[in-house]
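Here the structure is laid out as structure tokens; the discussion comes afterwards.
Every chain is numbered from 1, with letters handed out A, B, ... down the list of sequences.
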Amino acid sequence: MAGALPSPDPKRLLAWYDVHKRALPWRVRRDPYRIWLSEVMAQQTTLAAVIPYYQAFLARWPSLADLAAADAEEVLAAWSGLGYYRRARHLHACARIVAQDLGGRFPESVEGLRALPGLGAYSAAAIAAIAFERPTVPVDGNVLRVVARLFAVTKPLAQAKADLAERAQTLRPRRRFGDFAQALMELGALVCTPRAPDCPRCPWAKACRARAQGIADSLPQKSAKKAKPMLQAVAFLLRRADGAVLLRRRPDTGLLAGMLELPSTPWREKPWNLDDALEHAPPGRDWQESAPPFRHVFSHVSVTLRVVAGRPAGRLAGLWAKPGQWGGLALPSLTAKALARSGQS
DNA sequence: AACACGTGGTA
DNA sequence: TTACCAAGTGT
């Protein structure tokens with residue numbers, strides 16, 4: 001009974017893609033720089049969030065050489081709000097390597113691309129296929145899900161990844177490798193969705209073992225996620241008479257590495273009382289709560305931040321910035337929220 | 001294999 | 001409100 005299903009036909013998926021593909025900005029032209037930029041931005045990030053950043057980067061740095069010539073700091077600032085900031089450093093480092101060491105041209109092979117900072121197995125394969133028509137099937141979260149369902153792989157995702165990636169390669173067409181890569185992801189995004197897959201509209205419905213078994217919506221099997229520690233912190237908003245606010249730079253490793261923040265207490269599980277918190281404050285006076293506490297959720301921790309505002313006691317050295325300058329600074333969402341909720345916009 | 005690493009949208 | 005999740009990478 002298990003052998004009664006037809007094999008998934010690549011041409012059938014490509015025909016579906018020709019009709020249903022979305023008009024994404026990086027599909028306007030096949031340019032390795034633009035494809036690379038879009039792929040790095042799209043890592044673990046919804047396309048809706050990517051598009052405005054992609055447009056802004058392209059407008060500001062139209063070519064690889066432009067981006068390579070930029071300062072790392074301005075790239076980080078332009079990336080602000082998109083998250084996973086290590087990507088911005090890798091992006092810039094990669095631009096410089098390609099511009100300076102590789103003659104301004106991206107490697108065209110998966111292995112060559114894979115050696116560049118910020119490009120892992122998925123991104124290297126995606127760029128090789130989409131920009132250079134290399135015969136490879138990039139495996140992202142969409143593809144893992146589609147393949148897990150197609151072959152009814154019930155093993156937990158973490159243990160099945162290698163198997164699923166291998167099976168994905170067997171789906172490869174004879175031509176149109178770039179389109180096929182995007183078609184597979186588009187299928188996962190539009191039809192073979194995590195919840196409530198739209199099987200009746202799927203070009204591969206008849207080949208899908210999970211659908212045949214009625215278990216499509218339960219695949220792939222994911223393991224439970226670790227609970228996030230709930231941390232507490234108090235941030236200090238020191239505002240000068242001219243409106244400038246004191247910021248500081250975070251350490252160059254770890255969460256929000258190298259990004260700017262308000263001076264703050266350490267983040268800990270136990271709530272702070274104001275007196276203890278103020279031992280961590282920069283020299284100031286007239287401290288008072290400037291907004292209700294708010295929660296900000298990161299990938300692996302959750303922080304509840306209280307913001308207290310005060311006036312500087314004396315002349316303080318440090319990074320002072322006014323509201324008008326914030327667009328050019330590396331402000332993560334946590335800092336942006338703290339400022340906005342304290343009326344500093 | 002498992003974990004660190006952001007953010008905002010959706011149910 | 002909680003929980004899940006998105007065109008993953010590096011360690």
| Which listed nucleotide (C:dA7, C:dC5, B:dT7) is nearest to the side chain of A:P332? | B:dT7

| field | Spacing of A:R295 atom CZ relative to C:dT2 atom P, expressed in whole Å | value | 6 Å

| Interatomic distance, A:K225 NZ vs C:dC5 P [rounded to whole Å] | 6 Å

| request: Please work out if A:G81 contacts a base, only the sugar-phosphate, or nothing of the nucleic acid, heavy-atom cut-off 4.0 Å. | output: sugar-phosphate

| field | Test of ring centre spacing under 6.0 Å for A:W79 and A:Y53 | value | no

| note | Only one of A:F236, A:W287, A:W272 passes ring pair (Phe, Tyr, Trp, His ring centres under 6.0 Å) with A:H280, and that residue is A:W272

| If you look at every strand shown and take non-hydrogen atoms under 4.0 Å, does A:L119 touch a base, only sugar-phosphate, or nothing? | sugar-phosphate

| query | Between A:A49 and A:H300, who's closer to the 5' end of DNA chain B by nearest nucleotide? | reply | A:H300

| task | To the nearest Å, give me how far apart CZ (A:F180) and C1' (C:dA7) are. | result | 15 Å

| query | For atom P, what is the distance between C:dC4 and B:dC3, given to the nearest Å? | reply | 15 Å

| request: Check every atom of B:dT7, C:dG8, B:dA2 against the side chain of A:Q43 and return the nucleotide holding the closest atom. | output: C:dG8

| request: Taking only the side-chain heavy atoms of A:K222 (C-beta and beyond), determine which of C:dG10, B:dC3, C:dC5 contains the nearest atom. | output: C:dC5

| task | Please confirm whether A:F298 and A:W267 have ring centers closer than 6.0 angstrom. | result | yes

| task | Go through C:dC5, B:dA4, B:dG6 for me and flag the one nearest to the A:P194 side chain. | result | C:dC5

| note | Closest of C:dA7, B:dC5, B:dT7 to the A:L256 side chain is B:dT7

| query | What does A:A126 touch in the nucleic acid at a heavy-atom separation under 4.0 angstrom: a base, only the sugar-phosphate, or nothing? | reply | nothing

| said: Base, sugar-phosphate or nothing for A:R145? Non-hydrogen atoms, less than 4.0 Å. | reply: sugar-phosphate

| How close or far is atom C1' of C:dT9 from atom OH of A:Y122, stated in whole angstroms? | 13 Å

| field | Side-chain N,O (A:Y85) to OP1/OP2 (B:dT7) below 4.0 Å | value | yes

| said: C:dA3, OP1 or OP2 - any side-chain N/O from A:K228 closer than 4.0 Å? | reply: no

| For A:W79, which contact category applies under a 4.0 Å heavy-atom criterion: base, sugar-phosphate, or nothing? | nothing

| query | Just checking, A:R209 and A:F151: is the charged tip under 6.0 Å from the six-membered ring centre and within 45° of the axis? | reply | no

| said: So for atom CZ, which belongs to A:R315, do other residues, nucleotides or ligands contribute more than 12 heavy atoms lying within a distance under 6.0 Å? | reply: no

| request: Please work out if A:Q159 contacts a base, only the sugar-phosphate, or nothing of the nucleic acid, heavy-atom cut-off 4.0 Å. | output: sugar-phosphate

| task | State which of B:dG6, C:dA7, B:dT7 makes the closest approach to the side chain of A:H296. | result | B:dT7

| B:dG6 versus C:dT11 - spacing of their P atoms, nearest Å | 14 Å

| remark: Rounded to whole Å, CZ of A:R87 lies from P of C:dA6 at a distance of 14 Å

| message | Taking any heavy-atom pair under 4.0 Å as a contact, classify A:S38: base, sugar-phosphate, or nothing. | response | nothing

| message | I'd like to know if A:R195 reaches the base of B:dT10 with its side chain such that a donor and an acceptor end up less than 3.5 angstrom apart. | response | no

| Under 4.0 angstrom, heavy atoms only, what part of the nucleic acid is A:S333 near: base, sugar-phosphate, or nothing? | sugar-phosphate

| request: Classify the nucleic acid contact of A:A121 as base, sugar-phosphate or nothing, counting any heavy atom under 4.0 Å across all strands shown. | output: sugar-phosphate

| query | Is A:P117 touching bases, backbone alone, or none of the nucleic acid, heavy atoms closer than 4.0 Å? | reply | sugar-phosphate

| message | Working to the nearest 0.5 angstrom, can you tell me the gap between A:R250 CZ and A:Y85 OH? | response | 11.0 Å

| query | Donor-acceptor pair under 3.5 Å: do we get one between A:T45's side chain and the base of B:dG6? | reply | yes

Using a 3.5 Å cut-off and no angle test, enumerate the donor-acceptor pairs between side-chain atoms of residues 212-227 of chain A and protein atoms at least two apart in sequence or in another chain.
| from | atom 1 | to | atom 2 | distance (Å) |
| --- | --- | --- | --- | --- |
| A:S218 | OG | A:I215 | O | 2.8 |

| task | Would you mind classifying the nucleic acid contact of A:V50 as base, sugar-phosphate or nothing, using non-hydrogen atoms under 4.0 angstrom? | result | nothing

| query | Given C:dT9, B:dT7, C:dA7, which nucleotide is nearest the side-chain atoms of A:R86? | reply | C:dT9

| message | Can you measure A:L82 atom CG to C:dG8 atom P for me and round it to whole angstrom units? | response | 13 Å

| said: Of the listed nucleotides (B:dG6, C:dC5, C:dG8), which one gets closest to any side-chain atom of A:L255? | reply: B:dG6

| query | When you measure from the side chain of A:S123, which nucleotide among C:dA7, C:dG8, B:dA4 comes out closest? | reply | C:dG8

| query | So do A:L119 and A:V40 actually touch side chain to side chain, heavy atoms under 4.5 Å? | reply | yes

| query | Looking across every strand, which nucleic acid part, if any, lies under 4.0 Å from A:R250 by heavy atom: base, sugar-phosphate, or nothing? | reply | nothing

| request: Take atom C1' in C:dG8 and the same atom in B:dA1, then report the distance between them in whole Å. | output: 16 Å

| note | Rounded to whole Å, CZ of A:R22 lies from C1' of C:dA7 at a distance of 9 Å

| field | A:Q44 CD - C:dG10 P separation (whole Å) | value | 13 Å

| Separation between the C1' atoms of C:dA7 and B:dA11, rounded to whole Å | 23 Å

| said: I want to confirm an ordering. Mapping A:A160 and A:T46 to their closest nucleotides on DNA chain B, which one lands closer to the 5' end? | reply: A:A160

| Hey, does A:I127 reach any base, or is it just sugar-phosphate, or nothing, if we go heavy atoms under 4.0 Å? | nothing

